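Values below: all heavy atoms of this structure, side chains included; hydrogens, waters and symmetry mates excluded. Computed from a prediction, not measured in an experiment: that's the story for all the values here.
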Amino acid sequence: MGLNALISIDLKNNDIEKCEIFIEEMINKEWSLMEEVSNTWVTSFNEGVTREKALAVIQNDIQESKMKSQLEKISLAVQLAEEDIVFGEF
């Protein structure tokens, strides 16, 4: 079983057009934006990908997307686990 990643990103007070570019870039990098939870993204890594490698890929994806969209500042939280990500309305 591979790792599942969940990141929550606060795009702060960035321009809406820049935020839209950031979203497009993340989608191009095979991240899915969760509709149920604002500004939360998920993706999966293949079996055998180490935690360190997954974190490096996540950092690279965020940095590239931030640079291409010219966002000023963002904050994020990352969770990696083998277990499925649980979400929904409660």
- Backbone N or O of Glu72 within a donor-acceptor pair of the Asn14 side chain at under 3.5 Å?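 Yes: the side chain of Asn14 pairs with the backbone of Glu72.
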
- Query: Under 3.5 Å, side chain of Asn4 to main-chain N/O of Phe45, donor-acceptor pair present?
  - Reply: no

Of all the heavy-atom pairs spanning [X] and [Y], show the shortest one and how long it is.
X     : Y     : result
Ala54 : Leu3  : CB-CD1, 4.0 Å
Met26 : Ser65 : SD-OG, 3.5 Å
Ile23 : Trp41 : O-CH2, 3.6 Å
Ile62 : Phe22 : O-CE1, 4.0 Å

Interatomic spacing from [atom1] in [X] to [atom2] in [Y] - rounded to 0.5 Å:
X     : Y     : atom1 : atom2 : value
Glu24 : Leu33 : CD    : CG    : 12.0 Å
Ser44 : Ile85 : OG    : CD1   : 6.5 Å
Lys66 : Gln59 : NZ    : CD    : 11.5 Å
Leu6  : Ile58 : CG    : CD1   : 9.5 Å
Lys68 : Glu25 : NZ    : CD    : 4.5 Å
Ile7  : Leu80 : CD1   : CG    : 10.0 Å

- Message: Listing request: all salt bridge (charged side-chain N to carboxylate O under 4.0 Å, His left out) pairs with a residue in residues 36-65, at least two apart in sequence or in separate chains.
- Response: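 Every salt bridge (charged side-chain N to carboxylate O under 4.0 Å, His left out) pair that includes a residue of residues 36-65, provided the two are not neighbours, is Lys29-Glu64.
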
- Message: Counting only heavy atoms not in Glu35 (residues, nucleotides, ligands), do more than 12 fall under 6.0 Å from its CD?
- Response: no

Count I, L, V, M, F, W, Y as connected when their side-chain heavy atoms are under 4.5 Å apart, and connections chain through other members. Are [X] and [Y] then in the same cluster?
X     : Y     : answer
Trp31 : Leu76 : yes
Ile74 : Val57 : yes
Ile9  : Val37 : no

- Query: Any side-chain heavy-atom pair from Val78 and Leu55 closer than 4.5 angstrom?
  - Reply: yes

